[in-house]
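This report refers to the structure that appears directly beneath it.
In the text below, chain A, chain B and the rest are named by the order of the sequence lines, each starting its count at 1. Treat the numbers as computed from the prediction; the structure is a model and nothing was measured.
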2 protein chains.
Amino acid sequence: MNHNTYICRMESDCIKCSVKPKVAGVACVCCLDPSKTNHATVQFVKGDMIIKQGNYSTNVAFLRKGMVKIHLAGPSHEQIVRIVKAPAYLGLPTTFGNKINQYSITAISDAQVCYIDIDFFRALLKENEQFSYGIILELCKNELESFRRCANRTQKQARGNLADMILDFATNIFESDTFLLPISQSEMANLVDTSRESISRMLSEFAKDGVIRMTGKQLEIVNKNSLLLISQNG
Amino acid sequence: MNHNTYICRMESDCIKCSVKPKVAGVACVCCLDPSKTNHATVQFVKGDMIIKQGNYSTNVAFLRKGMVKIHLAGPSHEQIVRIVKAPAYLGLPTTFGNKINQYSITAISDAQVCYIDIDFFRALLKENEQFSYGIILELCKNELESFRRCANRTQKQARGNLADMILDFATNIFESDTFLLPISQSEMANLVDTSRESISRMLSEFAKDGVIRMTGKQLEIVNKNSLLLISQNG
DNA sequence: TATGTATTGTGATTCATATCACAAAATATT
DNA sequence: AATATTTTGTGATATGAATCACAATACATA
């Protein structure tokens, strides 16, 4: 896997920006940058680190294409907080907070990120209230989601959380009941708060019970109801 | 305990608002409401529910005085997400999101809440960019805090989390090494993700080991270093 | 194609904690 | 003060899941 990244200014591409501003908050700023001089697009390969915990942050990043994982160093091991797919802003909390990235973001598929000049971004927030309202909205949604997830992870037992992960992939990320698992089993473990071995065991178990079908990283949900039951659990 | 609440319009009190706008985001809107007609102050008693999960929300709430717990119904039991003390906005995510409260907020001390008309609040966001920037800042801080907490709670073991809770009370909430625990042991359990029994055992253990001293709900940190060690753990 | 590296599968064992089951305090409420 | 109700203390037991320890693949690159 080649982790070289290259910067390419894609202003022309940004003009006919493929990421249409559906909701104000998740529009690429490119679309709002008439001079097209305040942003640059960077291509990442699967495995590349886009934002690195502990580094000083100078830009706002907007994920135009691809999938990433948000992760941070926990007290004993790496914790994957969430999987995010385009389009989405990355690392907003850092942008506003203390400038030091509090978590890392790594591409788990090839990805395209638009870096936006921070001053330009701030100016935009000021003058475009639609936009800033959209950002607030997105932040709020994230907070609620965080709460929900945290409660689940700590209260449910491992199989319930794994079921949730699978359902989340199918429903929110891939929007299909068949998909290629974008992360390894140890990553799943860090996402779902178990051990790698438990993930392996549980996946085989789900397969044996006819809940899912697996061929390598290809996963198919065979019995969604069972999965939902496991999620609600007992 | 008497849970009757009464509404009292305290416009005069709000004029000489004791909650000075230090940071834009955590200023009571009262201070920015010249006509003083868009807000009302309500007094709550310890134990009162200020915001109820599942209810429709019509106002923005600003906690002027007191302490509250943010909690939500988890899959198996109530989860306390965080303890918050004044001054702070309560339930912003709901305000912007879908209007149905996604979590409850309950007073754990007597508390004073300022309810602000939502349209007024929005208008303010629009016209006062300082203010909206402050709100964004606070939301971002919350998100980071959520991540950190979630990683800790799931990775550390029980005694580490309890140590963290005690340190958090001392450092952030009471700003003193001696304080009155504002919640019961079962609440602590829900905050720290253990069982009530474990909390009881661990507290006695900490006391036996000379890390803390306890007389009823009065807690004194005797050896902060030990507590920090337990937090980092092993 | 070959060789090193990362990922996955599976058993045996250990361990931290939840649960259960009461007793004892402490706090409300009449 | 007297009774009810919530909170707390503590032992015994059960259990989910981590850890350890390898074997077996799969994958990447020389």
Side-chain angles (χ1 to χ4, degrees), chain A residues 1-4 45-48 74-80 106 108 152-163 165 180-209 212 214-219 230 233-234, chain B residues 1-4 45-48 69 74-80 106 108 152-163 180-209 212 214-219 230 233-234:
Chain A
M1 199 179 291
N2 178 13
H3 281 198
N4 292 328
V45 187
K46 177 175 176 160
D48 282 341
S76 76
H77 56 81
E78 197 73 5
Q79 171 88 37
I80 301 184
T106 302
I108 56 174
N152 281 336
R153 284 198 195 150
T154 51
Q155 286 184 32
K156 285 187 186 180
Q157 48 195 79
R159 57 183 72 262
N161 284 322
L162 181 57
M165 185 205 74
L180 225 62
L181 280 167
I183 51 179
S184 73
Q185 291 192 359
S186 37
E187 287 178 299
M188 292 183 220
N190 291 340
L191 176 58
V192 153
D193 296 309
T194 8
S195 63
R196 194 219 93 218
E197 294 92 326
S198 295
I199 293 281
S200 174
R201 281 186 249 267
M202 288 187 288
L203 283 177
S204 336
E205 189 199 311
F206 286 2
K208 199 195 69 205
D209 296 350
I212 60 172
M214 281 194 72
T215 330
K217 294 242 159 203
Q218 182 84 20
L219 189 153
I230 295 171
N233 178 277
Chain B
M1 202 179 289
N2 178 13
H3 281 198
N4 291 329
V45 187
K46 177 175 177 160
D48 283 340
K69 61 172 177 179
S76 77
H77 56 81
E78 198 74 5
Q79 171 88 37
I80 301 184
T106 301
I108 58 174
N152 281 336
R153 284 198 195 151
T154 52
Q155 286 184 31
K156 284 188 187 178
Q157 49 196 77
R159 57 183 72 260
N161 285 321
L162 180 56
L180 226 61
L181 280 166
I183 50 179
S184 74
Q185 293 192 359
S186 37
E187 287 177 299
M188 293 182 218
N190 292 339
L191 175 59
V192 153
D193 295 309
T194 8
S195 64
R196 194 219 93 219
E197 293 93 326
S198 295
I199 292 281
S200 174
R201 280 186 251 265
M202 289 187 289
L203 283 178
S204 333
E205 188 198 313
F206 286 3
K208 197 195 70 204
D209 296 350
I212 60 172
M214 281 192 74
T215 330
K217 295 243 159 200
Q218 182 84 19
L219 190 153
I230 296 171
N233 180 272

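Taking side-chain N and O atoms only, B:Lys217 has no distance below 4.0 Å to OP1 or OP2 of C:dT27. Taking only side-chain nitrogens and oxygens, B:Gln185 never comes nearer than 4.0 Å to OP1 or OP2 of D:dT6.
A:Gln185 and A:Ile199 make their closest contact through O-CG1, 3.9 Å (heavy atoms, listed as atom of the first residue, atom of the second, distance). Residues B:Asn161 and B:Asn152 share a closest heavy-atom pair of OD1-O, 3.6 Å.
Side-chain contact between B:Gln218 and B:Leu180 is present, with at least one heavy-atom pair separated by less than 4.5 Å. Contact annotation: the side chain of A:Ile230 never approaches that of A:Leu162 to less than 4.5 Å [non-hydrogen atoms, C-beta and beyond].
To the nearest angstrom, C1' of C:dT17 lies 14 Å from CG of B:Leu162. Atom P of nucleotide D:dT8 and atom CD1 of B:Ile183 are separated by 10 Å, given to the nearest angstrom. Whole-Å rounding puts the B:Leu180 CG to C:dA26 P distance at 15 Å. Rounded to whole Å, atom C1' of C:dT7 lies 13 Å from atom CG of A:Leu181. Atom CD1 in B:Ile199 sits about 17 Å away from atom P in C:dA16, given to the nearest Å. Straight-line distance from the CD atom of B:Glu187 to the P atom of D:dT7: 8 Å, rounded to whole Å. B:His77 has its NE2 atom 15 Å from the P atom of C:dT17, to the nearest Å.
A distance-only check finds no donor-acceptor pair linking the side chain of B:Lys156 to the backbone of A:Ser76 [under 3.5 Å].
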Let me have a per-nucleotide readout for nucleotides 10-20 of chain D, 5' to 3', with B, S or -, counting only protein heavy atoms under 4.0 Å. BBB---SSSBB
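Under the salt bridge (charged side-chain N to carboxylate O under 4.0 Å, His left out) criterion, the residue pairs touching residues 183-208 of chain B are B:Lys69-B:Glu187, B:Arg159-B:Glu205, with sequence neighbours excluded.
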